[in-house]
Amino acid sequence: MAGNLDKRVGVLALQGAFREHAAMLERLGARVTEVRLPADLAGLGGLVIPGGESTTIGKLLVDFDLIEPIRAFAASGGAVWGTCAGAILLAQDIQGVPPQFGFQPSLALMATRVRRNAFGRQVDSFEVPLNVAGLNAPFPAVFIRAPVIEAVPDEAEVLARHDGQVVLVRQGRLLASSFHPELTRDARLHELFLNLVA
């Protein structure tokens, strides 16, 4: 995709499905950087926070001093997309954190309320054709221990629901999805994200 050749995007590479996101973005022509340290954000226009273990990723964000740099990146116009665990980490209000986990770190970039594991455990994983606003055919959405976006700010746009539950939201240059687009061969949501990257 020639239009993406000048797009520089990062994929948070602390834990989870970051390689799959990177491969999809590179397939679309973007230049991809694996982000592990604050300095890795330099020069990027977008950042993907992948699915994985949200508690683990959150703690690593703290350990690697990435919370404030990512907030500053978003505040300066960087596009950020959180998928599954990433959607949890973007939310200001996280519900369903097991008490034994204690405090769950969050980037708190979106004024959303997210409930962890709302679609069940790993064994309850499923794939459904999902109608997404702006796409002319259903998207094959893979849900794995997926969160639900329970509350959405007025300024955000709901792009998809499953069984009446919000699963894809856009707020300016922020995107949050409950499911895993990187685990399919369908690149349309990654293309949508690249369109948010300046």
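Only this structure's heavy atoms are used, side chains among them; waters, hydrogens and symmetry mates stay out.
Within the 3.5 Å criterion, the main-chain N or O of V114 finds no donor-acceptor partner in the side chain of T112. Side-chain atoms of R161 never come within 3.5 Å of backbone atoms of D163 as a donor-acceptor pair (strictly under, hydrogens ignored). With hydrogens and angles disregarded, no donor-acceptor distance shorter than 3.5 Å links the side chain of E191 to the backbone of L28. A donor-acceptor contact shorter than 3.5 Å links the side chain of R173 to the backbone of G77. Between the side chain of T83 and the main chain of H180, no donor-acceptor pair closer than 3.5 Å is present. Panel note: side chain R36, backbone A13; a donor-acceptor pair is recorded below 3.5 Å. Counting only distance, with no hydrogens or angles, the side chain of R188 and the backbone of A137 share a donor-acceptor pair below 3.5 Å.
By the 4.5 Å heavy-atom criterion applied to side chains, L175 and L159 are counted as neighbours. Counting heavy atoms from C-beta on, the side chains of M24 and L189 never come closer than 4.5 Å. No side-chain heavy atom of F179 sits less than 4.5 Å from a side-chain heavy atom of V142. S177 has its side chain out of reach of C84: every pair of non-hydrogen atoms, C-beta onward, lies at least 4.5 Å apart. The side-chain heavy atoms of L41 and P69, taken from C-beta on, include a pair separated by under 4.5 Å. Proximity of S178 to I149: side-chain heavy atoms (C-beta onward) are separated by under 4.5 Å at one or more points. Side-chain contact between L107 and V80: absent, with no pair of heavy atoms (C-beta onward) separated by less than 4.5 Å. The closest side-chain heavy-atom distance from H190 to L194 is not below 4.5 Å.
Distance check: L168 CG to L192 CG gives 7.5 Å after rounding to the nearest 0.5 Å. Note that CG of L47 and CG of L66 are 9.0 Å apart. Values are rounded to the nearest 0.5 Å. Rounded to the nearest 0.5 Å, atoms CG (L14) and CG (L37) are 8.5 Å apart. To the nearest 0.5 Å, the span separating CZ on R170 from CE on M110 amounts to 10.0 Å. One finds the CG atom of L174 at 6.5 Å from the CG atom of L90 (value rounded to the nearest 0.5 Å). To the nearest 0.5 Å, atom CG of residue D40 and atom CD of residue E34 are 9.0 Å apart.
Using the six-membered ring where Trp is involved, W81 and F193 have ring planes that are tilted, between 30° and 60° apart.
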request  = Check step by step if side-chain contact (heavy atoms from CB on, under 4.5 Å) holds for R116 and T55.
outcome  = CA-CA 10 Å; R116 294 164 42 120; T55 305; 3.0 Å; yes
inquiry  = Go through it in stages, so that I can follow the logic: the residues are L183 and I144, the test is side-chain contact (heavy atoms from CB on, under 4.5 Å), and I'd like the CA-CA distance, side-chain angles, deciding distance and then a yes or no.
reply    = CA-CA 11 Å; L183 299 183; I144 303 172; 3.7 Å; yes
inquiry  = Before you tell me yes or no, could you show the steps for L12 and L61 under side-chain contact (heavy atoms from CB on, under 4.5 Å), namely the whole-Å CA-CA distance, both residues' side-chain angles and the distance that decides it to 0.1 Å?
reply    = CA-CA 9 Å; L12 187 70; L61 286 172; 3.8 Å; yes
key: Test side-chain contact (heavy atoms from CB on, under 4.5 Å) applied to E53 and R145, step by step   = CA-CA 10 Å; E53 298 286 343; R145 291 193 302 139; 2.8 Å; yes
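Centroid-to-centroid, the aromatic rings of H162 and F126 come within less than 6.0 Å.
Under a 4.0 Å N-O distance rule, the pair E68/R71 qualifies as a salt bridge. At a threshold of 4.0 Å, the pair R19-E26 does not count as salt-bridged, since none of the basic side-chain nitrogens sits closer than that to a carboxylate oxygen.
Taking every heavy atom of both residues into account, S106 and I88 meet most closely at OG-O, 4.4 Å. Residues I94 and P105 come closest through the heavy atom pair CD1-O, 4.5 Å. Shown here for R27 and R185, the closest heavy-atom pair between the two residues is NH2-O, 3.1 Å. Of all the heavy atoms in A156 and Q171, the pair that sits closest is CB-CB, 4.0 Å. Residue G46 comes nearest to F73 through the heavy atom pair N-CZ, 3.6 Å, listed as atom of the first residue, atom of the second, then distance. Closest approach of H21 and P50 over heavy atoms only: CD2-CB, 3.7 Å.
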